[in-house]
Amino acid sequence: MSRTRRSLVPYALLAPGMLWLAIFFAIPLYYMAEISLKEGTLETGYQLTWHFQTYVDAIKNYDSQLMRSFQYAGLATLISLAIAFPLAYAIAFRGGRYKTALLLMVILPFFTTYLVRTLSWQTILDDSGLVVDALKAVGLLADDGRLLATTNAVVAGITYNFLPFMILPVYAALERIDPRMLEAAYDLYAKRRDVITRVVVPAAAPGIVAGVLLTFIPAAGDFVNAELLGTPQQSMIGTVIQSRYLEITDYPTAAALSFILMLIILVLVLVYARFVGTESLTGAEEAR
Amino acid sequence: MNEFERRFDRMIREELTRRRLLRRGALGALSVSAIAYLAACGDDELSSGEDESEAKAIAKGEISKTLTFANWPLYIDIDDKTKERPTLEKFKAKYGTTVDYVEEVNDNTEFFGKVRQEYEQGKSGGRDIHCVTDWMCARMQRLGFVQRFDKAEMPNSTKNIEDAVASPDFDPKREYSMPWQSGQVGLVYRSDLTGGDLSSVNDLFDPKFKGKVTFLSEMRDSVGSVLLSDGITPEEASKDQVLEAIERIEKASKDGQIRRFTGNDYTKDILKGDSEALLGWSGDAIQLTADNPDIRFVQPEEGFMVFTDSMQIPVGAPHAFTAQKMIDFVYDPEIQAAITAYVNYVPPVKGTKEVLVEQDPEIANNELIFPDLANAHNFKTFSPEDERDIDEAFQRAIGA
């Protein structure tokens, strides 16, 4: 009796999580798959016809938005990493007693909603705003140039909005590094650059991998930045899905595009994991 | 109320009138109703699309104790102190009916997705009146989702409806829909930045405004205005002419002439000077011109588009006879005047201006609320297939 009970314990512990996944992930996914294979209009209803052509048409019609989404997401991820790594390093090793305060500043923007933060960038970047004036004064921007409603604004918006997702995991990884390890490296006559590239970066790898995934994946599906900071020439795949769903009410194409986006991300993540090694996803083997 | 209080009061209200809710884009998407999604996911059979031309008019009956009215948010007068809606209180005083007023229409398509399955089965979900934009009224009517009025029971509506909205192509005698409010689409510009006045939608294509022009993401408003500027009457336009107008818009967008396509958010852009000349709605213009006297709203000389939101009685409405009374009730100019004074849209009821001349001359003399409707145009109702092609072409033009 007690043995059976004991053997059931792991399942009981798993149950809430599995239930959550079933209700909020598996079932919606099933419905989405089903509707992507239907044909019809909202007016006449949708019939399941196993219409795989929707997928082909979706890729053919929206290839430029798909490409653009991954370009912007990739660019934003790289910039985020370039900003996040030095920042996280500084907080972890030089933060001292201000560590908590500095970290708080990183997550403070999250206290207001995503939309409001993005809308405030409209004000910061607007044509008669301080930033534009300053850039024009130093000649970095042509006199009739603008920041808002450009590719730069969209990429900057995405970078800004997802930056904390990069900083926090990188910081968490750096924080775990034993400072004595760095001392040991210096004692062995390692140059500063070597310490960074051969000790710090490998030890922080799991954090970097996590940060890249956490930034890249939502960024690729984002449409708010393109919508609010861009023009139709910056529209991303999220914009298309939103419009197919809400404006045209072409649910099958919207669902198909969502699946395509998901599949491409999945493939990219697998390739990435293969490239950087799965152990860095699960733990810092090289660091030990 | 002194001038300051009035301004303040209007500022607070205007900030939230329904066209100010982002019709499209970020906020719209986040507010999408899960019900609409699930409704679309169910297994559906083709609706028969039965011919409703023979539909019997609403039968005479008793006045009911309650009535359910589904409308857009902030689209009726409210007493800010008591939170009561005076128009509905007046209806109760006259007929003894308590109106359950539900602000559940945020978006035409979303609302349609939400009610389609119920309406298809002849159930109204308890609604007695809903209010949607005319193109959606046409769709509801085409699908047999709404009841035919007994116009003999509606003396006010028959007598007082404004000519400009009295006979749309989908419902020439207004037997299935009665306008609630209308609004104009016009040219909005910053006279201090444009260095001259604008008079035509063609001016928006002038290279000197490159990157400083925005269009509306509402297809009918933008495309209709461009059709007019090409000398084409929107009511008679062919599908090819509409697609050509969309191409013209798309080209201007690709060339960088058009900065972006907006919902109500254009108000922010023009106040800051990010845009200088654009298509906008009269409802917003009242507040904009108050905020910045350099902002002008003009009707294009070639004619202008109006949009109209209309009331309909869905099939299976539990209190159809009373609903019909309610619709007729707001066609009393005295009643309508109170609504107009509050929401600042264009009233579809003749005689409203005359009532307001005495009560509130400032509103009565406002050309945004009481425009010359001689040049007003409506968008043509296309077949469902053509409509879909047009919608699709427009969405592609605006980058989605």
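A, B, ... follow the sequence lines: proteins, then strands. Residue 1 opens every chain. Because only heavy atoms are used, hydrogens play no part in the values below, and waters and symmetry mates are left out as well, while side chains stay in. From a predicted model like this one, the values you see are computed outputs, not experimental measurements.
Between the CZ atom in Arg260(B) and the OG1 atom in Thr231(A) there is a gap of 10.0 Å [rounded to 0.5 Å]. Here Asp127(A) contributes atom CG and Leu193(B) contributes atom CG; the two are 10.5 Å apart, rounded to the nearest 0.5 Å. For the atom pair OG1 (Thr41(A)) and CD (Glu385(B)), the distance works out to 8.5 Å, reported to the nearest 0.5 Å. Between Met219(B) atom CE and Ile248(A) atom CD1 the span is 9.0 Å, to the nearest 0.5 Å. Ser235(A) contributes atom OG, which lies 11.0 Å from atom CZ of Arg396(B) (distance to the nearest 0.5 angstrom).
At a 4.5 Å heavy-atom cutoff, the contact between Tyr62(A) and chain B is made by side-chain atoms alone. Both the backbone and the side chain of Thr123(A) come within less than 4.5 Å of a heavy atom of chain B.
In the displayed structure, Phe110(A) atom CZ is contacted under 6.0 Å by more than 12 heavy atoms of other residues, nucleotides or ligands. Enclosure of atom CG in Leu14(A) by more than 12 non-hydrogen atoms of other residues, nucleotides or ligands within 6.0 angstrom is indicated.
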- Message: Working note: Thr109(B) + Glu247(A), criterion side-chain contact (heavy atoms from CB on, under 4.5 Å); need CA distance, chi angles, decisive distance, verdict.
- Response: CA-CA 7 Å; Thr109(B) 310; Glu247(A) 303 296 324; 5.9 Å; no
- Go through Asp274(B) and Gln122(A) one step at a time and tell me if the side-chain contact (heavy atoms from CB on, under 4.5 Å) criterion holds. CA-CA 10 Å; Asp274(B) 288 355; Gln122(A) 278 191 341; over 6 Å; no
- Assess whether side-chain contact (heavy atoms from CB on, under 4.5 Å) is satisfied between Asp126(A) and Lys268(B), documenting all intermediate values. CA-CA 10 Å; Asp126(A) 75 49; Lys268(B) 213 166 57 226; over 6 Å; no
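When side chains are defined from C-beta on, Phe261(B) does not count as touching Glu227(A), because their heavy atoms never get closer than 4.5 Å.
Using a 4.5 Å cut-off between non-hydrogen atoms, no part of residues 71-84 of chain A approaches chain B. For residues 133-155 of chain A, heavy-atom neighbours of chain B at less than 4.5 Å comprise Arg146(A), Leu148(A), Ala149(A), sorted by residue number.
Side-chain contact check for Gln233(A) and Lys254(B): no donor-acceptor pair (N or O, by modelled atom type) lies under 3.5 Å.
In this structure, Asp63(A) has no salt bridge (Lys or Arg N to Asp or Glu O under 4.0 Å) partners at least two apart in sequence or on a different chain. Taking the ring pair (Phe, Tyr, Trp, His ring centres under 6.0 Å) definition, one finds that Phe111(A) meets it with nothing, sequence neighbours left out.
Side chain of Ser128(A) to main chain of Lys272(B): a donor-acceptor pair is present (N/O by atom type, distance under 3.5 Å, no hydrogens or angles).
Taking all atoms of both residues into account, the shortest heavy-atom contact from Pro232(A) to Ala397(B) is CB-O, 4.3 Å.
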